[in-house]
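Heads up: the structure comes next, in structure tokens.
Just so you know, ligand 1 is whichever comes first in the structure, and atom 1 is the first atom listed for that ligand.
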Amino acid sequence: MAAVDEALSVGELAARSGVAVSALHFYERQGLLRSSRNAGNQRRYGRDVLRRVAVIRVAQRAGVPLAEIRAALDTLPDARTPTREDWSRLSQRWRSALDARIAQLSALREQLDGCIGCGCLSLRQCPLRNPDDIAAARGPGAPYLER
Ligand code: FES
């Protein structure tokens with residue numbers, strides 16, 4: 001943490017990062033940011049938090065859930081702000097996750113194409129209604145009537 005006279009208030013952090021005060025407080029409640037308190041019991045943030053906020057925002061834009069961002073930041077020694085190398089490694093990992101999500105969404109779009117003009121929403125026929133063919137795995141008959 002930076003010396004208190006170099007530290008930023010939440011308002012200064014918001015102005016410098018372009019992120020609303022409410023969002024910064026939310027990130028802190030979620031364990032993504034840390035602050036210290038000055039003599040007047042006001043939150044103060046080290047200047048390195050600016051880079052940390054940038055990483056959080058970029059990761060969010062890439063669709064990375066906050067819990068995953070926090071888990072990644074927690075892997076850094078001494079809760080440090082990501083260095084260039086850290087960010088390079090994290091962005092590579094998140095790119096792979098983004099590729100997987102894009103592939104999943106593309107498959108869903110193709111399945112949805114099959115529903116256009118159909119309207120059956122059948123457990124047996126509609127791939128979106130029963131994507132893993134759960135009904136077939138439960139065997140023949142009427143397994144949903146047993147409960
Ligand atoms: S609604 Fe008929 S296949 Fe999806």
Atom 4 (Fe) of ligand 1 contact by Cys126, N, O or S atom under 2.8 Å: yes
Test your reading of the model: is there a side-chain donor-acceptor pair from Arg47 to the backbone of Glu6, 3.5 Å cut-off? yes
Within the structure, is a non-hydrogen atom of Ser122 found at a distance of less than 4.0 Å from ligand 1? no
In terms of side-chain geometry, is the basic nitrogen of Asp86 or Arg89 positioned less than 4.0 Å from the acidic oxygen of its partner? yes
Check this for me, if you would: do Arg95 and Asp99 make a salt bridge, where the nitrogen-to-carboxylate-oxygen distance has to be below 4.0 angstrom? yes
How far is atom 1 (S) of ligand 1 from its nearest protein heavy atom, and which residue and atom is that? Leu121 N, 3.2 Å
From the options Arg43, Arg70, Arg34, select the one residue that forms a salt bridge (Lys or Arg N to Asp or Glu O under 4.0 Å) with Glu28. Arg43
Within less than 2.8 Å of atom 2 (Fe) of ligand 1, any N, O or S from Cys115? no
Proximal atoms of ligand 1 relative to Cys118 (non-hydrogen, under 4.0 Å): 1 (S), 2 (Fe), 3 (S)
Validation row: Arg124, Asn130 side chains within 4.5 angstrom (heavy atoms): no
